[in-house]
Amino acid sequence: MEFASIFNGLGARTSLLYRGEHLIKEFDADLGITLAVEMEKKGIKIRFKTLISKIEKTGDEIRVTLADGTTGSCDVLMYATGRAPNTKGLGLEEAGVKMADNGAVIVDEQFQTNVESIHAIGDVVDRMQLTPVALAEGMVVADRLFNTHSRQMDYQFVPTAVFSHPNVGTVGLTEAQARAKYGDVKSSAPTSRRSSTPCRTVTKRP
Ligand SMILES: Cc1cc2nc3c(=O)[nH]c(=O)nc-3n(C[C@H](O)[C@H](O)[C@H](O)COP(=O)(O)OP(=O)(O)OC[C@H]3O[C@@H](n4cnc5c(N)ncnc54)[C@H](O)[C@@H]3O)c2cc1C
């Protein structure tokens with residue numbers, strides 16, 4: 001979404017092929033729906049539930065075949081594959097460090113691996129792949145090693161932003177998560193000055 005917004009903003013005719021049913025599925029559904037509407041208003045064509053089965057380069061053209069057999073072409077294609085911990089070749093296996101099947105380094109609450117002298121933080125531990133989270137995890141390790149007090153990371157209320165146009169930000173539970181966890185919650189979605197900026201607060205009823 002972020003790069004589609006950038007390319008479109010720079011004047012490129014931009015299509016976004018999206019695997020899921022709505023954008024940013026980890027967020028409240030209405031945020032994803034509003035984002036799609038607003039991105040389309042800016043000229044980005046969005047296709048949902050769309051899988052690419054083949055990409056071919058012929059001369060200056062990139063030909064894309066979708067899972068339903070339809071084809072299209074473009075001159076630049078950005079394929080977002082997601083991220084996996086890049087731990088191969090670091091010598092971790094040789095040091096006896098335990099890793100998960102996807103290569104993530106397994107650590108305890110203090111970011112210590114099964115090898116006492118080796119700690120890991122950030123994307124390689126595959127908890128929440130964000131820069132401020134990696135920094136905060138580093139501070140937990142530094143406090144433990146150098147300030148001799150131990151504390152734990154709290155991943156519950158990490159603000160998260162999507163730098164699409166328009167931007168989206170969230171913190172805390174989604175409404176669905178709050179309902180699943182607390183049952184009776186009050187959701188208020190005040191009408192803001194611009195309909196393109198929905199705002200929502202979910203609180204537990206007293
Ligand atoms: C496209 C994109 C957009 C993102 N946008 C945001 C955002 O808006 N906000 C946000 O909070 N997070 C964002 N992230 C996530 C953020 O970049 C990561 O969560 C963060 O960088 C993790 O920090 P890290 O120190 O764990 O890993 P990294 O920042 O990846 O640092 C790892 C370092 O190790 C080095 N390295 C790797 N292998 C070796 C080796 N064998 N020997 C020596 N060095 C090695 C790498 O070169 C790199 O410098 C984004 C990520 C991507 C890919």
Side-chain angles (χ1 to χ4, degrees), residues 1-10 12 14-20 22-28 31-32 34-36 38-39 42 44 46 50 52 55 62 74 76-115 117-147 150-174 177 196-197 199:
M1 279 92 62
E2 295 174 343
F3 280 95
S5 296
I6 293 168
F7 297 148
N8 185 60
L10 290 171
T14 307
S15 299
L16 175 62
L17 308 180
Y18 202 79
R19 207 167 34 159
H22 54 78
L23 303 180
I24 47 173
K25 64 179 186 310
E26 303 80 11
F27 290 33
D28 278 299
L31 291 180
T34 307
L35 178 59
E38 293 302 318
M39 285 174 72
K42 290 179 192 296
I44 300 173
I46 307 180
T50 303
I52 292 178
I55 300 167
I62 296 169
C74 56
V76 178
L77 176 79
M78 180 170 172
Y79 193 96
T81 57
R83 281 178 286 159
N86 183 13
T87 48
K88 275 209 185 100
L90 289 177
L92 293 174
E93 292 94 341
E94 292 81 348
V97 173
K98 281 195 184 144
M99 285 180 283
D101 290 344
N102 69 348
V105 181
I106 297 171
V107 290
D108 65 13
E109 294 303 319
Q110 302 295 310
F111 301 96
Q112 186 178 295
T113 68
N114 61 307
V115 178
S117 60
I118 299 180
H119 293 74
I121 54 154
D123 282 6
V124 287
V125 301
D126 198 22
R127 289 188 178 168
M128 203 178 249
Q129 296 177 328
L130 292 169
T131 302
V133 171
L135 289 168
E137 290 172 346
M139 293 313 294
V140 168
V141 174
D143 274 347
R144 173 163 172 256
L145 294 180
F146 304 111
N147 283 338
S150 68
R151 57 190 176 88
Q152 291 187 357
M153 271 293 288
D154 183 354
Y155 295 95
Q156 220 187 340
F157 299 114
V158 178
T160 309
V162 180
F163 299 107
S164 48
H165 291 173
N167 309 152
V168 181
T170 186
V171 63
L173 303 175
T174 62
Q177 288 167 339
S196 63
T197 53
C199 178

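Remember, it's 1-based here, ligands and their atoms both numbered in the order they're listed.
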>> Less than 4.0 Å from atom 40 (C) of ligand 1, is there any heavy atom belonging to the protein?
In response: yes
> Considering all protein heavy atoms, does one lie under 4.0 Å from atom 22 (C) of ligand 1?
Replying inline: yes
> For atom 11 (O) of ligand 1, what's the nearest protein heavy atom and its distance?
Replying inline: Thr131 N, 2.9 Å
> Which atoms of ligand 1 have any heavy atom of Pro132 under 4.0 Å away?
Replying inline: 11 (O)
>> Just to confirm my output: which protein heavy-atom neighbour is closest to atom 1 (C) of ligand 1, and how far is it?
In response: Phe3 CE1, 4.2 Å
> Quick one: which of Ile121, Asp123, Thr113, Asn114 gives a side-chain contact (heavy atoms from CB on, under 4.5 Å) with Val105?
Replying inline: Thr113
>> List ligand 1 atoms under 4.0 Å from Leu130, heavy atoms only on the residue side.
In response: 10 (C), 11 (O), 12 (N), 19 (O)
>> I'd like to know if the side chain of Asn167 reaches the main chain of Ser164, judged simply by a donor and an acceptor atom lying under 3.5 Å from each other, with no hydrogens or angles considered.
In response: yes
> Do Val140 and Gln152 come close enough that some side-chain heavy atom pair is under 4.5 Å?
Replying inline: no
> Within a strict 4.5 Å, meaning less than it, do heavy atoms of the Arg144 and Gln112 side chains meet?
Replying inline: yes
> Is the CZ atom of Arg19 crowded by more than 12 outside heavy atoms at less than 6.0 Å?
Replying inline: no
> Is there a side-chain contact between Val162 and Leu31 (heavy atoms, below 4.5 Å)?
Replying inline: no
>> Please report whether atom 15 (C) of ligand 1 has a protein non-hydrogen atom at a separation of less than 4.0 Å.
In response: yes
>> Can you confirm, on distance only, whether ligand 1 has an N/O atom lying under 3.5 Å from any N/O atom belonging to Val124?
In response: no
> Counting heavy atoms only, which of Lys88, Arg83, Gln129 comes nearest to atom 51 (C) of ligand 1?
Replying inline: Arg83
> Closest heavy-atom contact between Asn102 and Pro85?
Replying inline: O-CD, 3.5 Å
>> Is atom 5 (N) of ligand 1 touching the protein, meaning some protein heavy atom lies under 4.0 Å away?
In response: no
> Atoms of ligand 1 less than 4.0 Å from Phe163 heavy atoms?
Replying inline: 8 (O)
> Is there a nitrogen or oxygen of Asn86 sitting under 3.5 Å from a nitrogen or oxygen of ligand 1?
Replying inline: no
> Quick one: does Glu2 get an N or O within less than 3.5 Å of an N or O on ligand 1?
Replying inline: no
> Does atom 43 (C) of ligand 1 have a protein non-hydrogen atom under 4.0 Å from it?
Replying inline: no
>> Give the atom numbers and elements of ligand 1 that come within less than 4.0 Å of a heavy atom of Ala134.
In response: 23 (O)
> What is the nearest protein non-hydrogen atom to atom 19 (O) of ligand 1, stated with its residue, atom name and distance?
Replying inline: Asp123 OD1, 2.8 Å
> Are any non-hydrogen side-chain atoms of Leu23 and Met39 less than 4.5 angstrom apart?
Replying inline: yes
> Which atoms of ligand 1 sit under 4.0 Å from any heavy atom of Leu90?
Replying inline: 40 (C), 41 (N)
> Are His119 and Leu145 close enough that some pair of their side-chain heavy atoms sits under 4.5 Å apart?
Replying inline: yes
>> Minimum heavy-atom separation for Met128 and Tyr155, please, with both atom names.
In response: CE-O, 3.7 Å
> Numbering the atoms of ligand 1 from 1, which are under 4.0 Å from a heavy atom of Gly122?
Replying inline: 26 (O)
> Are the side chains of Ile44 and Met1 in touch, meaning some heavy atoms are under 4.5 Å apart?
Replying inline: no
> Can a protein heavy atom be found under 4.0 Å away from atom 29 (O) of ligand 1?
Replying inline: no
>> Within a 6.0 Å radius of atom CZ on Phe3, are there more than 12 heavy atoms belonging to other residues, nucleotides or ligands?
In response: no
